[in-house]
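Down below is the structure, laid out as structure tokens.
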Amino acid sequence: MGGLSAALAKAALACGATVKTNAAVESILTEDGNRVSGVLLDDGTEIGASIVLSNATPQVTFGSLVAQDVLPDDFRREIAGIDYSSPATKINVALDRLPSFEAHPQPGPHLGCTIHIGCENMASLHAAYLDAECGRSSSVPLVEMTIPSVYDPWLAPPGRHVASLFVQYTPYAPRGSGWTSETKNELADRVFDLIDRYAPGFTASVVGFEVLTPPDLEAIFGLTGGNIFHGAMSLDQLFFARPTSSYANYRCPVKGLYLCGSGAHPGGGVMGAPGRNAALVAADDIGRATGKRS
């Protein structure tokens, strides 16, 4: 993911763009009631612009960054009604060696693939989901493992590796104690024990780990509800209803402001489609305004 971000930044710079990092946006500025005029950074810097594209979630964009008095009531109600339920927790793991799976003990191309564990049948998946529905993490979770250091050795010291574990299902707020250091460690132990069934010695190879629950993902990355797709990918929130049925074309009630993240069609995934589509719509609107449509 870091390589992809760097490649996009390089391409933008080559086209004359300016890239600012560590520059949090405090608010999206408007003028004349419903037209965007730029952004205000948290250090007080104002950047004027007649076009703004936001890849924050719909809730962050329209619920936090845009002044509420410039948005119609019905639009604000639609935005507030978006489902951001997320059952996933991310565990980043540092390893002193590659996992050795019983099905294929020797290192090979399989370690560079996405590895799914705990999903042999629908019954186990259903049971794991019901656990989360009852407010507890799955007793036998679904684990999606990748080992990016197989392809990028710079991610870890020589002979060491890093693994990324996408774990389902975990509630946003576990019933009882909520998320604490203890409950996070309990989840990690359960996940590592499960992986040990397929790759004996995995737990012994762990030299460090980080557990990012849905609230952590929300606080660190601005993902409303911890949802990595900027909203549930359910049928009622796809196609002509993403993010809302009244504005599913990347535009919004504020002229010049466009939604270009996963909260817009076609949704989440590392594909860039929402951003490309939003850019094309914005370019078309600029063409209409200047009489130079592409």
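Values below: every heavy atom of this structure, side chains too, minus hydrogens, waters and symmetry copies. Given the structure is predicted, the values throughout are model-derived calculations rather than measurements.
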Quiz item: At their closest point, which heavy atom of Glu78 faces which heavy atom of Ser245, and how far apart are they?
Solution: OE2-OG, 3.2 Å
Practice problem: Begin from the C-alpha positions of Arg35 and Thr30 and carry the test side chain to side chain contact (heavy atoms under 4.5 Å, CB included) through to its verdict. | Solution: CA-CA 5 Å; Arg35 177 173 290 280; Thr30 59; over 6 Å; no
Practice problem: May I have all residue pairs that pass salt bridge (charged side-chain N to carboxylate O under 4.0 Å, His left out) and include part of residues 213-225, sequence neighbours excluded? | Solution: Lys184-Asp216
Quiz item: Counting distance only, does the side-chain N/O of Asn121 pair as donor-acceptor with the main-chain N or O of Ser124 below 3.5 Å?
Solution: yes
Quiz item: How many angstroms lie between atom CG of Asn227 and atom OH of Tyr172, to the nearest 0.5 angstrom?
Solution: 11.5 Å
Quiz prompt | Closest non-hydrogen atom pair between Val211 and Ala188, with its separation | solution = CG2-CB, 4.1 Å
Quiz prompt | Which residues share a salt bridge (charged side-chain N to carboxylate O under 4.0 Å, His left out) with Arg136, sequence neighbours left out | solution = Asp131
Quiz item: Do the side chains of Phe192 and Leu165 get nearer than 4.5 Å, heavy atoms only?
Solution: yes
Quiz prompt | Phe75 ring center within less than 6.0 Å of Phe62 ring center | solution = yes
Quiz item: What's the spacing between Lys10 NZ and Cys15 SG if we round to 0.5 Å?
Solution: 12.5 Å
Quiz item: Between Gly268 and Phe229, which heavy-atom pair has the shortest distance, and what is it?
Solution: CA-CD2, 3.4 Å
Exercise. Measure the shortest side-chain to side-chain distance between Thr170 and Pro87 over non-hydrogen atoms and say whether it is less than 4.5 angstrom.
Key: no
Quiz item: Would Ile228 and Leu223 satisfy side chain to side chain contact (heavy atoms under 4.5 Å, CB included), going step by step from the backbone distance to the final call?
Solution: CA-CA 6 Å; Ile228 64 171; Leu223 297 171; 4.1 Å; yes
Practice problem: Following the transitive rule for hydrophobic clusters with a side-chain heavy-atom cut-off under 4.5 Å over Ile, Leu, Val, Met, Phe, Trp and Tyr, establish whether Met233 and Phe166 coincide in one cluster. | Solution: yes
Self-check item: Main-chain N/O of His126 paired with Tyr169 side-chain donor or acceptor, under 3.5 Å
Solution: no
Quiz item: Would you say Val167 and Leu142 make side-chain contact, with heavy atoms under 4.5 Å?
Solution: no
Self-check item: Beyond-backbone contact of Val270 with Leu4, side-chain heavy atoms, under 4.5 angstrom
Solution: yes
Quiz item: At what distance, to the nearest 0.5 angstrom, does CG of Asp196 lie from OG1 of Thr203?
Solution: 3.5 Å
Quiz item: Can you tell me how far SG of Cys252 sits from CG of Leu71, rounded to the nearest 0.5 angstrom?
Solution: 7.0 Å
Quiz item: Would a hydrophobic clustering, with Ile, Leu, Val, Met, Phe, Trp and Tyr connected at side-chain separations under 4.5 Å, put Val143 with Val206?
Solution: yes
Quiz item: Would a hydrophobic clustering, with Ile, Leu, Val, Met, Phe, Trp and Tyr connected at side-chain separations under 4.5 Å, put Val36 with Val39?
Solution: yes
Quiz prompt | Atom pair CG/OG1 of Leu40 and Thr45 - distance to nearest 0.5 Å | solution = 8.0 Å
Quiz item: Should Tyr198 and Phe202 be regarded as members of a common hydrophobic cluster, given that ILVMFWY residues are connected when their side-chain heavy atoms come within less than 4.5 Å of each other, either directly or indirectly?
Solution: yes
Self-check item: Nearest heavy-atom neighbours spanning Ala241 and Ala248
Solution: N-CB, 4.3 Å
Exercise. Please examine the side chains of Leu187 and Thr89, heavy atoms only from C-beta on, and report whether any two atoms are closer than 4.5 Å.
Key: yes
Quiz prompt | Trace of the side chain to side chain contact (heavy atoms under 4.5 Å, CB included) decision for Asn185 with Phe209 | solution = CA-CA 9 Å; Asn185 289 336; Phe209 64 89; 3.6 Å; yes
Quiz item: Hey, are the side chains of Ile47 and Lys20 touching, using non-hydrogen atoms and a 4.5 Å cut-off?
Solution: yes
Quiz item: Any chance CD of Glu182 has more than 12 other-residue heavy atoms, nucleotides or ligands included, within less than 6.0 Å?
Solution: no
Quiz item: Got a sec, which residues hit salt bridge (charged side-chain N to carboxylate O under 4.0 Å, His left out) with Arg76, two or more places apart in sequence or on another chain?
Solution: Asp73
Quiz item: With a 4.5 Å limit on heavy-atom distance, are the side chains of Ser149 and Ile147 in contact?
Solution: yes
Self-check item: Presence of salt bridge, Arg288 and Asp284, under 4.0 angstrom
Solution: yes
Practice problem: Could you tell me whether the side chain of Ser138 and the main chain of Val140 form a donor-acceptor pair under 3.5 Å? | Solution: no
Quiz item: Got a sec: does the CG of Leu235 have more than 12 other heavy atoms crowding it under 6.0 Å?
Solution: no
Self-check item: Short side-chain to backbone donor-acceptor contact, Ser86 and Gly226, under 3.5 Å
Solution: yes
Quiz item: Is it the case that one hydrophobic cluster holds both Leu41 and Val52, taking links as side-chain heavy atoms less than 4.5 Å apart, direct or via other members?
Solution: yes
Identify each donor-acceptor pair in which a side-chain atom of residues 253-267 lies under 3.5 Å from a protein atom, sequence neighbours left out, and give them as a table.
unit_1 : atom_1 : unit_2 : atom_2 : d
Tyr258 : OH     : Asp285 : OD2    : 2.7

Enumerate donor-acceptor pairs with a distance under 3.5 Å from any side-chain N or O in residues 90-105 to protein atoms, sequence neighbours excluded.
unit_1 : atom_1 : unit_2 : atom_2 : d
Lys90  : NZ     : Asn92  : OD1    : 3.4
Lys90  : NZ     : Ser164 : OG     : 3.4
Asn92  : ND2    : Glu210 : OE1    : 2.9
Arg97  : NH2    : Gly201 : O      : 3.3
Ser100 : OG     : Pro105 : O      : 3.0
His104 : ND1    : Gln106 : O      : 3.3

Quiz item: Is Tyr129 atom OH crowded by more than 12 heavy atoms from other residues, nucleotides or ligands, each under 6.0 Å away?
Solution: no
Quiz prompt | side chain to side chain contact (heavy atoms under 4.5 Å, CB included) between Ile82 and Gln59, worked out | solution = CA-CA 8 Å; Ile82 295 174; Gln59 179 58 38; over 6 Å; no
Quiz item: Does a side chain donor of either Glu144 or Thr114 reach within less than 3.5 Å of an acceptor in the other side chain?
Solution: no
Exercise. With rounding to the nearest 0.5 Å, note down the distance linking CG in Asp42 to CG in Asn22.
Key: 10.0 Å
Self-check item: Minimum heavy-atom distance Val191-Pro141, with the two atoms named
Solution: CG2-CG, 4.0 Å
Quiz item: How would you list, by chain and number, every residue that makes a side-chain hydrogen bond (donor to acceptor under 3.5 Å, both in side chains) with Tyr151, sequence neighbours excluded?
Solution: none
Practice problem: Kindly indicate whether the side chain of Ile28, heavy atoms from C-beta on, has any atom under 4.5 Å from the side chain of Thr61. | Solution: yes
Quiz prompt | Closest approach of Cys119 to Leu125 (non-hydrogen atoms, all atoms of both residues) | solution = CB-CD2, 3.7 Å
